[in-house]
2 protein chains.
Amino acid sequence: MAKNNSDEVVCALDYAFRRIGGKHKARIMWYIFKKNNVLRYGELKRMIGNITPKMLTQTLRELEEDKLINRKVYAQVPPKVEYSLTQTGMELIPFLDHVGAWGRKQMEKENYTA
Amino acid sequence: MAKNNSDEVVCALDYAFRRIGGKHKARIMWYIFKKNNVLRYGELKRMIGNITPKMLTQTLRELEEDKLINRKVYAQVPPKVEYSLTQTGMELIPFLDHVGAWGRKQMEKENYTA
DNA sequence: AGCATTAGTATCTTTTAGCATACTATATAT
DNA sequence: ATATATAGTATGCTAAAAGATACTAATGCT
């Protein structure tokens, strides 16, 4: 477990949200998925925009540790590292899709009333 | 918006996770749902266990502000306050169910290998 | 008068998440 | 020899989330 491992996981929902609840985690997974399940570090960085290299690396390492993404290093210079979703990570995609749809709907609603 | 409103929402996924990504938010919604969509403050507190009244109140207020739960106050002494999911909140239940199932599966897997 | 009950507040401290900025390694191309 | 590209590290800082602990209001009950 990567984040918030200070105290015990209390249930499956808790377990899940510790893994994907970080500020950029869901988005990173979504971006990788959308780019045919392969994305390089630099591409990811550019897509996210406002993230420091430290945070991006840290987040990617946590996702990797939690078996949600794979990290493939090519023995090249300059370096090339590709990230992809694992099978386990892939299984979260429908969820992210639905939550995203829910979010989109709410955002539209807010625009109507506000 | 309640949490993380410092910078702009960048996409629907971001929007959604700001609303339900808090430490106890998903669980609170799930508990309310499971108890026939009505739960009092004290019950909630006992069910969550390790939460301070400050945190619980704050979390509930954020969920309310985000229109995910209703807060119904009875004019009684001692006080009685009931929380329930709004329609919008209800729409998240299938997803919470899905993620919970995913989490449960992963937890079982981990127990096998570890 | 004093106690129990419920849903909180108030204040302070600690912990965690995230940001800013500068730096590194190294093969290849010029 | 120097510049370029890529995927990061290192160090220090700020902001946000969360925790600990003590307290309150108001009424009915004894």
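Convention: sequence-line order gives letters A, B, ...; per-chain numbering from 1. Every heavy atom of this structure was used, including side-chain atoms; hydrogens, water molecules and symmetry mates were not.
Under 3.5 Å, the side chain of A:Lys54 and the base of D:dG8 form no donor-acceptor pair of N or O atoms.
In terms of position along DNA chain D, the nucleotide closest to A:Val77 lies nearer the 5' end than the nucleotide closest to the other residue of the pair A:Val77 and A:Arg71.
Between B:Lys45 and C:dG8 there is no side-chain polar atom (N or O) within less than 4.0 angstrom of OP1 or OP2. Here B:Tyr83 reaches the OP1 or OP2 of C:dG8: one of its side-chain N or O atoms lies under 4.0 Å away. The phosphate of D:dT9 (OP1 or OP2) has a side-chain N or O of A:Arg61 nearer than 4.0 angstrom. Between B:Arg40 and C:dA7, a side-chain N or O to OP1/OP2 separation shorter than 4.0 Å is present. A close approach under 4.0 Å does not occur between any side-chain nitrogen or oxygen of A:Tyr74 and OP1 or OP2 of D:dA5.
When atom types are taken as modelled, the side chain of A:Asn37 and the backbone of A:Phe33 share no donor-acceptor pair closer than 3.5 angstrom. In this structure, A:Thr86 contributes its side chain and A:Lys67 its backbone to a donor-acceptor pair below 3.5 Å.
If you measure from atom CZ of A:Arg18 to atom C1' of C:dT16, you get 13 Å, rounded to the nearest angstrom. To the nearest angstrom, C1' of C:dC19 lies 14 Å from CD1 of A:Ile48. One can place NZ of A:Lys72 at 20 Å from C1' of D:dG8, the figure rounded to the nearest angstrom. At whole-Å resolution of the value, NZ in B:Lys80 and C1' in C:dT6 are 12 Å apart. A:Gln76 places its CD atom 13 Å from the P atom of C:dA27, with the value rounded to the nearest Å. Straight-line distance from the CG atom of B:Leu39 to the P atom of C:dT6: 14 Å, rounded to whole Å. At whole-Å resolution of the value, CD1 in B:Ile69 and P in C:dA7 are 14 Å apart. Regarding A:Leu60, its CG atom lies at a distance of 16 Å from the P atom of C:dA17, rounded to whole Å.
In this structure, of D:dT6, C:dG18, C:dA7, it is D:dT6 that holds the atom nearest to the side chain of A:Pro78. Among the nucleotides D:dT6, D:dT21, D:dG19, the one closest to any side-chain atom of B:His24 is D:dG19. Side-chain proximity of B:Val81 to D:dT21, D:dG8, C:dA7: nearest is C:dA7.
In this structure, the side chain to side chain donor-acceptor pair (under 3.5 Å) partners of A:Tyr15, at least two apart in sequence or on a different chain, are A:Arg19, B:Glu110.
A salt bridge does not link A:Arg71 with A:Glu82: none of the charged nitrogens is closer than 4.0 Å to a carboxylate oxygen. Under the 4.0 Å criterion applied to side-chain N and carboxylate O atoms, B:Lys105 and A:Glu91 are assigned as salt-bridge partners.
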